[in-house]
Structures are given as structure tokens and as C-alpha cells.
Amino acid sequence: GLGGAIAGGMIGLGVAGAVGLAQAADAAAKYSSEIKRLEIALKGVTKTDKDFAKAQKIIGSVSEELNVPIGDATKQFTTLSASVIGAGGDVDQAEQVFRGVSEAIKATGGDAEDVQSAMRAMSQIFGKGKVSAEELQGQLGERLPGAVTKFAEATGRTLPQLQKDLRDGTVGLNDVMKFVTKLSKDHREAALRMSDSSAEAGARLELAMQRLQKNIGDILQPIGAAFQDTFTWIIKWINKGIEAFNKFAGIGLDNAIAKVKSKIALIKEEGINTSPHWWISNKEELERLEKILDRLENERGKGEEGSGKKG
């Protein structure tokens, strides 16, 4: 009746609410843990507390300005910084590269995959200590339209001269820094306009939700086990309530078996009395179903007896 429906609805809402909250909390704690894992790698790369704090500030700023997920930004900046610092540079130079490339790709309509590939190319360049045609024309040129022309302009070369110097291996990291400085100068304003546009509304919302998830996860992570145990207890309590309600409403397995057997008995009686032909055609199927239900009922009884003896 109405009371049962309302009670059932309330139990359903309780389950959905508790399970949903527990899942959201677990996801937040896992996301926070993943960011912390990435930050441990970043701290190892930056060496000092001062540079680590500076790197975190850079990542947060670029993430906020360009709608870059904080996890992606942390991973990319860590990899890039390792190469830049390994080549004798510092966090400030890594920031110039990170901003220049990110802003240029955002302004020219690129996506997260384009940024990731371009950062990988930059990391390889700093790892080698020089620029090759493979990275500039291939990996970088494919993700950033006009990269080769802009590189030539930034370093005061003609295109033929740049091609020759690339072949000779004389295009160095100083040239790269001139290039990324020009990228920021030419593309920063357009990148910021793109990030603030209606087209990026979804990305801004997703970023805000990720920040919220991280903040919640930061709070929950230290008490994660206790929090999960609490929600386990709540869900168990709700399960007991559902089982009791099902039994009261006649919904449990034993009650369901009894109800089906009762329906079969009514069908048999109706069939024998009003439609003998139908009864003859369906008699075997109904009797087979009855036997299955009897067997299920017997197995249930045996299980309960065994459980009682163990107790």
C-alpha cells in the first residue's frame, strides 16, 4: 500500500544516499592521494623546498588560467622540470617553457593531447641538450601550427638557415628559450580569452569540481580507514532494515517462493475447471516449475539448519 511504498522509497533513498556519499568520499580520497603521489615526484625533481613551493604555485596558476586539470599539469611540469634542471636550467626556465607551449596550443585550438605531446617533445629536447628536426618539425610542429616559422623568427634565422643548423646540430637550448618567450608574447592574451570563453565553460566546471574533490580528499585521506569503516557500518545497518522491511512486506526469498507456488495453484485450479485443453498443454511445465520451487525451498531449509548447528 501507500505506507509500504513510502517506506520502501525512504529506504531506497537512504541506500542511494549512503552508498553515493561513500563512493564520492572514496573517489575524493583516491584523487587526493594521486595528486600527492605526483607532488612527491615533483619534490624529488625540484630538490629544495623553495623550488618545490615555486613549482606548485606555477602549476596552480597555469591550471587556473588555462583550465588544465591539476593532475595533468603536475605530471607535465614534473617531467619537463626534470629535463630542464637536468640540462643545467632551473624552475623559472621550466615555467617559461611550460607557459609558452601551453598558451600557444590553447590559443590555436589545441587540446590536452596536443599539450602532452608538445611537452614530451620539449622534455626530449632538453634531455638531448639540442634541437633536432624530428622534435621541432615532427612532434612539436604537428601539435603547434607554425612552430618552425616562429622558431626561425624568434632566433633571427631564415627558414633555410634553420634547416641547415638543425642538420648540423647547432640549434641549442638558448634558442629554445627565445622561442618559448615569443610563444608567450604572441599567444598569451588569445589563450586567456579562449579560457574565459563560453566554449570552455565545461572545462572550467570540471576543473572547479576537481579542486573541490581534491580539497575534500585532503581532509578525508588521513582518516580514510575510519571513514570507510563508518560508512560500512551505515550500509550494513541499512541492509538489515531492507531485509526486515522485505520480510514484513512479503518480499523476501521465502515469501517470494510461497507467493509463486500459491499463484501456480490458482492457475492449475482455474485451468482444470475452465480450460481443460490449456491445462493438458501446460501441465508438465507448471509441474516442473513446482518441483524447482520445492527443491529451492528444501535447499534453503537445509542451509538454515546447518547455520543453526554451527551457531
Requested in this report: Not counting sequence neighbours, list each pair that qualifies as a salt bridge (Lys or Arg N to Asp or Glu O under 4.0 Å) and has a residue in residues 189-205.
Outcome: Lys106-Glu200
Report task. Please tell me if the side chains of Leu144 and Val101 come closer than 4.5 Å, counting only heavy atoms from C-beta onward. Result -> no
**Report entry** salt_bridge(Glu34, Arg37) N-O dist < 4.0 Å
**Finding:** yes
**Report entry** Partners passing salt bridge (Lys or Arg N to Asp or Glu O under 4.0 Å) against Lys164 (at least two apart in sequence or in another chain)
**Finding:** Asp168
Requested in this report: Scan residues 130-139 for pairs that pass salt bridge (Lys or Arg N to Asp or Glu O under 4.0 Å), counting only residues two or more places apart or in two chains.
Outcome: Lys128-Glu135
Query raised in the report: Pairs in or reaching into residues 169-180: which pass side chain to side chain donor-acceptor pair (under 3.5 Å), with residues at least two apart or in two chains?
Result: Arg157-Asp175
Requested in this report: Would you tell me whether Gln139 and Ser117 have side-chain atoms, one donor and one acceptor, within less than 3.5 Å of each other?
Outcome: no
Query raised in the report: Which heavy-atom pair separates Ala107 from Ala191 by the least distance, and what is that distance?
Result: CB-N, 3.8 Å
Query raised in the report: Who are the side-chain contact (heavy atoms from CB on, under 4.5 Å) partners of Leu205, not counting sequence neighbours?
Result: Met209
**Report entry** Selection residues 76-121 - residue pairs positive for ring pair (Phe, Tyr, Trp, His ring centres under 6.0 Å), sequence neighbours left out
**Finding:** Phe77-Phe98
**Report entry** Check: Val115 and Val68 side chains under 4.5 Å, non-hydrogen atoms
**Finding:** no
Query - Pairwise distance OG(Ser197) to CG(Leu192) - rounded to 0.5 angstrom - result: 11.5 Å
Query raised in the report: So, for Ala147 and Gly141, which heavy atoms are closest and what is the spacing to 0.1 Å?
Result: CB-CA, 4.1 Å
Report task. Calculate, to the nearest 0.5 Å, the distance between atoms CD and OG belonging to Glu95 and Ser102 respectively. Result -> 11.0 Å
Report task. For the residue pair Thr181 and Gln96, establish whether any side-chain heavy-atom pair is separated by less than 4.5 Å. Result -> yes
Report task. Not counting sequence neighbours, list each pair that qualifies as a ring pair (Phe, Tyr, Trp, His ring centres under 6.0 Å) and has a residue in residues 138-171. Result -> Phe151-Phe179
**Report entry** Atom pair CG (Asp186) and NZ (Lys150), whose distance is rounded to the nearest 0.5 Å
**Finding:** 4.0 Å
Report summary line: When rounded to the nearest 0.5 Å, the distance separating CD of Gln56 from CD1 of Ile70 is 9.0 Å
Report task. Flag yes if Leu166 and Leu159 sit in one hydrophobic cluster, no otherwise; membership is Ile, Leu, Val, Met, Phe, Trp, Tyr, and two members link when side-chain heavy atoms are under 4.5 Å apart. Result -> yes
Requested in this report: Any chance you could lay out the side-chain hydrogen bond (donor to acceptor under 3.5 Å, both in side chains) test for Glu142 and Gln137, step after step, and finish with the verdict?
Outcome: CA-CA 7 Å; Glu142 288 174 3; Gln137 297 174 331; over 6 Å; no
Report task. For residues Gly127 and Ser83, report the shortest heavy-atom separation together with the two atoms involved. Result -> N-CB, 4.2 Å
Report summary line: Tightest non-hydrogen contact, residues Ser195 and Asn67, listed as O-ND2, 3.0 Å
Query raised in the report: Taking C-beta and beyond as the side chain, do Val84 and Asp90 meet within less than 4.5 Å on heavy atoms?
Result: no
Report task. Can you run down the salt bridge (Lys or Arg N to Asp or Glu O under 4.0 Å) pairs that involve residues 70-89, sequence neighbours left out, and say none if there aren't any? Result -> none
Query - Residue pairs passing the salt bridge (Lys or Arg N to Asp or Glu O under 4.0 Å) test where at least one lies in residues 52-68, sequence neighbours excluded - result: Lys54-Asp92, Glu64-Arg211, Glu65-Arg99, Glu65-Arg188
Let me check something: any side-chain donor-acceptor pairs from residues 41-51 under 3.5 Å, sequence neighbours excluded? List them with distances.
residue, atom, partner, partner atom, Å
Thr46, OG1, Leu42, O, 2.9
Thr46, OG1, Lys43, O, 3.4
Thr48, OG1, Asp51, N, 3.1

Query raised in the report: Leu207, Ile59: one ILVMFWY side-chain cluster at the under-4.5 Å cut-off?
Result: no
**Report entry** Where at least one partner belongs to residues 35-72, residue pairs that pass ring pair (Phe, Tyr, Trp, His ring centres under 6.0 Å), sequence neighbours excluded
**Finding:** none
Query raised in the report: Quick one: does Leu38's side chain get under 4.5 Å of Thr78's, heavy atoms only?
Result: no
Query raised in the report: When hydrophobic residues are tied together by side-chain contacts of less than 4.5 Å, even through go-betweens, does Met194 share a cluster with Val62?
Result: no
Report task. Enter the distance from Thr79:OG1 to Gln116:CD here, rounded to the nearest 0.5 Å. Result -> 9.0 Å
**Report entry** Set of residues satisfying side-chain contact (heavy atoms from CB on, under 4.5 Å) with respect to Ala87, sequence neighbours excluded
**Finding:** Phe126, Leu173
Report summary line: Rounded to the nearest 0.5 angstrom, the CZ-OG1 distance for Arg143 and Thr108 is 11.5 Å
Query raised in the report: So do Leu136 and Leu162 actually touch side chain to side chain, heavy atoms under 4.5 Å?
Result: yes
